[in-house]
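I have placed the structure first, in the form of structure tokens, so that the comments after it can refer back to it.
The figures that follow rest on heavy atoms only: side chains count, while hydrogens, waters and symmetry mates do not.
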Amino acid sequence: MPDRAQPPVDRQLPTDEARDLISLARDIAQREIAPRAAEEEDAGIFPREVFTLLSRSGLLGLPYDSEYGGGDQPYEVYLQVLEELAAARLTVGLGVSVHSLSCHALANYGTKQQQVEHLPAMLGGGLLGAYCLSEPASGSDAASLRTKAVRDGEDWVIDGTKAWITHGGIADFYTVMARTGEDGARGISAFLVPGDAAGLVGAAPERKMGMKGSPTAQVHFDGVRVPDERRIGEEGQGFAIALSALDSGRLGIAACAIGLAQAALDEAVAYASGRQQFGRPISDFQGLRFMLADMATQIEAGRALYLAAARLRDAGRPFAKQAAMAKLHCTDTAMKATIDAVQILGGYGYTADFPVERYMREAKVLQIVEGTNQIQRMVIARHLAGPEAHRTG
């Protein structure tokens with residue numbers, strides 16, 4: 001069956017520098033990421049050297065200030081780079097998104113001294129971050145987290161367990177939300193914890209349906225001592241910091257989802273154009289043509305939605321509702337597009353000889369991470385109709 005290379009996504013980019021960044025991301029994706037993706041995912045291999053390359057290439061800190069090693073790029077550009085990386089391998093795209101999420105607290109709420117001391121290594125020094133909010137008993141209800149940080153002189157001592165942590169056990173630094181005061185959202189503070197801190201231990205990675213190359217693990221804090229100078233923001237501000245980071249992080253998940261969906265569409269078009277049945281390509285049959293048309297339409301709509309939210313963010317305008325909408329629509333689109341790609345490939349789509357079965361397994365987690373899609377609907381509804389009558393606090 002002849003290969004049919006799909007043209008790259010036609011992107012509307014604001015500057016020549018942005019176009020160069022997209023070209024760089026595509027080149028790295030084609031040369032260093034895509035050729036090994038299937039084999040390494042099957043073997044559960046995390047491509048740390050790829051993240052080192054991305055850091056050296058200036059692609060790990062794109063949306064942050066160049067004064068600290070970032071790329072000074074608007075989210076509109078950063079997200080499209082993320083999409084290109086995710087289309088080559090979701091483990092890489094999602095990993096970059098999580099790393100950016102883990103840098104958000106310090107970059108936006110840290111003191112000048114903290115930023116000067118830590119951000120250059122985090123953004124361009126080859127380090128890899130993790131974001132620690134969820135716990136075994138507090139996922140969607142994140143404000144009920146139980147990990148505690150107790151003041152001891154000039155230090156804080158952290159005890160507890162975080163769950164579902166991407167890069168858990170291998171990260172160089174962790175942005176950790178811990179309880180320092182009263183129950184509920186107002187008693188949570190944020191800390192920057194080094195990955196080699198005494199008492200910090202990553203559990204064995206979870207055994208997952210997909211994204212086997214991306215380690216997801218519990219992280220245990222057993223008397224982890226952190227100096228007060230590593231507390232980010234004010235005491236009790238941690239939950240607000242966490243939510244602010246998640247608004248931006250949801251856009252990263254949306255972009256990754258569209259990258260995955262685009263990869264599935266490209267594979268489906270190539271297969272349908274080359275597969276012959278009843279004397280002609282199956283892409284001639286209206287049933288399949290309509291499936292491809294629907295996939296492409298939903299992908300374009302998702303791309304437009306996440307870019308519209310990103311442009312609001314870049315303009316300094318509220319974007320939380322649009323971020324939730326983008327995360328909801330784009331991840332649902334990725335799930336539907338990958339399911340349809342498997343159907344278009346038929347029996348071959350169900351085998352590991354083609355990547356669409358892996359895409360389908362990977363797409364599912366995007367509807368869950370950084371706020372399930374049911375939570376996204378709650379967020380959107382609150383913006384439309386106000387808080388639920390029974391809510392307190």
Please lay out, stage by stage, how Gln80 and Val77 fare under the test side chain to side chain contact (heavy atoms under 4.5 Å, CB included).
CA-CA 5 Å; Gln80 293 188 78; Val77 173; 5.6 Å; no
Hey, quick one: are Tyr350 and Phe354 part of the same hydrophobic cluster, counting side-chain heavy atoms closer than 4.5 Å, chains of contacts allowed?
no
Compare every heavy atom of Val98 with every heavy atom of His167, then report the nearest pair and how far apart it is.
ND1-CG1, 4.1 Å
Given the rule in the salt bridge (Lys or Arg N to Asp or Glu O under 4.0 Å) test, do Arg311 and Asp314 qualify, once you have shown the distances and angles that lead to the verdict?
CA-CA 5 Å; Arg311 288 166 185 146; Asp314 292 334; over 6 Å; no
Is a side-chain donor or acceptor of Glu135 paired with a backbone partner of Arg146 at a separation under 3.5 angstrom?
yes
Shortest non-hydrogen contact from Cys330 to Ala254?
CB-O, 3.5 Å
Which residues share a salt bridge (Lys or Arg N to Asp or Glu O under 4.0 Å) with Arg89, sequence neighbours left out:
Glu40, Glu41
Check: Lys208 side chain, Glu362 main-chain N or O, donor-acceptor pair, under 3.5 Å:
no
Take atom CD of Glu49 as the centre, draw a 6.0 Å sphere, and report whether it contains more than 12 heavy atoms from other residues, nucleotides or ligands.
yes
Would a single hydrophobic cluster contain both Val224 and Val176, if residues Ile, Leu, Val, Met, Phe, Trp and Tyr are joined by side-chain heavy-atom contacts under 4.5 Å?
yes
Hey, does the side chain of Asp172 reach the backbone of Leu128 with a donor-acceptor pair shorter than 3.5 angstrom?
yes
Rounded distance [0.5 Å steps], CH2 in Trp164 versus CD in Gln218:
8.0 Å
Residue Lys148 excluded, over 12 heavy atoms near NZ under 6.0 Å
no
So does Arg19 pair up with Asp16, basic N to acidic O under 4.0 Å?
yes
Linking I/L/V/M/F/W/Y whenever any side-chain heavy atoms sit under 4.5 Å apart, do Leu123 and Val193 land together?
no
Could you pull out all residues at least two apart from Arg179 that satisfy salt bridge (Lys or Arg N to Asp or Glu O under 4.0 Å)?
none
I need the minimum non-hydrogen distance between His383 and Ala320, along with the two atoms involved.
NE2-CB, 3.8 Å
Do Leu82 and Cys256 have side-chain heavy atoms sitting under 4.5 Å apart?
yes
Determine the interplanar angle of the Tyr271 and Tyr348 rings, folded into 0 to 90°, and report it as parallel if under 30°, tilted if 30 to 60°, perpendicular if over 60°.
tilted
If you take all heavy atoms of Leu127 and Leu60, which pair is closest and at what distance?
O-CD1, 4.0 Å
Does the structure place the NZ or CZ of Arg280 under 6.0 Å from the centre of the six-membered ring of Phe285, at an angle of no more than 45° from the ring's axis?
yes
Counting only N and O atoms by type, is there a donor-acceptor contact under 3.5 Å from the side chain of Arg250 to the main-chain atoms of Ala324?
no
Partner of Lys327 by side chain to side chain donor-acceptor pair (under 3.5 Å), out of Asn373, Thr372, Asp247
Asn373
Quick one: are Val150 and Trp156 in side-chain contact, heavy atoms under 4.5 Å?
no
So, does Gln115 use its side chain to make a donor-acceptor pair with the main chain of Ala107 at under 3.5 Å?
yes
Heavy-atom side-chain contact between Arg36 and Val50 under 4.5 Å:
yes
Do Leu54 and Val92 come within less than 4.5 Å of each other through their side chains, counting heavy atoms only?
yes
Are Lys112 and Glu67 close enough for a salt bridge, meaning some N to O gap below 4.0 Å?
yes
Quick one: does Arg313's side chain have a donor or acceptor within less than 3.5 Å of a partner on Ser248's backbone?
no
Does the distance from a Lys or Arg side-chain N to an Asp or Glu carboxylate O, for Lys336 and Asp332, drop under 4.0 Å?
no
Glu229 side chain reached by Glu154 side chain, heavy atoms, under 4.5 Å
no
Mind checking whether Tyr109 and His104 have parallel, tilted or perpendicular rings, split at 30° and 60°?
tilted
Which value, rounded to the nearest 0.5 Å, describes the distance between Thr147 atom OG1 and Leu133 atom CG?
10.0 Å
Rounded to the nearest 0.5 Å, what's the gap from OG1 on Thr216 to CE on Met211? Could you check?
7.0 Å
Quick one, Met378 with Glu388, criterion side chain to side chain contact (heavy atoms under 4.5 Å, CB included). Give me CA distance, side-chain angles, the key distance, then yes/no.
CA-CA 9 Å; Met378 291 173 64; Glu388 299 91 325; 3.6 Å; yes
Atom of Thr351, atom of Gly347 and distance for their closest heavy-atom approach
CG2-O, 3.3 Å
How long is the gap from CD on Glu84 to CG on Leu59, to the nearest 0.5 Å?
11.0 Å
Quick one: does any side-chain atom of Tyr174 pair with a main-chain N or O of Gly169 as donor and acceptor, under 3.5 Å?
yes
Look at the side chain of Ser189 and the backbone N and O of Glu235, then say whether any donor-acceptor pair between them is shorter than 3.5 Å.
no
Can you tell if the side chain of Arg26 reaches within under 4.5 Å of the side chain of Val9, non-hydrogen atoms only?
yes
CZ/Arg186 to OG1/Thr180 distance, rounded to the nearest 0.5 angstrom?
13.5 Å
Please name the pair of heavy atoms, one in Ser102 and one in His99, separated by the smallest distance, quoted to 0.1 Å.
OG-O, 2.6 Å
Distance in Å, Ile158 CD1 paired with Cys132 SG, rounded so as to fall on 0.5 Å steps
9.5 Å
Strictly distance-based, threshold 3.5 Å: is any side-chain N or O of Gln376 a donor or acceptor partner for the main-chain N or O of Gly371?
yes
Is it possible for you to say whether Leu62 and Ile28 belong to one hydrophobic cluster, with membership spreading through side-chain heavy-atom contacts below 4.5 Å?
yes
More than 12 non-hydrogen atoms from neighbouring residues, nucleotides or ligands closer than 6.0 Å to CD on Gln343, yes or no?
no
Side chain to side chain contact (heavy atoms under 4.5 Å, CB included) between Met291 and Leu288, worked out:
CA-CA 5 Å; Met291 289 176 72; Leu288 289 188; 3.9 Å; yes
Would you say the side-chain atoms of Arg151 pair up with the backbone N or O of Gly153, donor to acceptor, closer than 3.5 Å?
yes
What I'd like to find out is whether the side chain of Glu39 reaches to under 4.5 Å of the side chain of Asp42, using heavy atoms alone.
no
Taking side chain as C-beta onward, heavy atoms only, is Val96 less than 4.5 Å from Phe51?
yes
When clusters are formed by joining ILVMFWY residues with side-chain heavy atoms under 4.5 Å apart, either directly or through shared neighbours, do Leu246 and Ile380 land in the same one?
no
Apply the side chain to side chain donor-acceptor pair (under 3.5 Å) test between Gln262 and each candidate in Glu300, Arg303, Glu267, Glu83; give the one that qualifies.
Arg303
Let me see the working for Leu251 and Tyr78 under side chain to side chain contact (heavy atoms under 4.5 Å, CB included), right down to the final yes or no.
CA-CA 10 Å; Leu251 293 181; Tyr78 157 67; over 6 Å; no
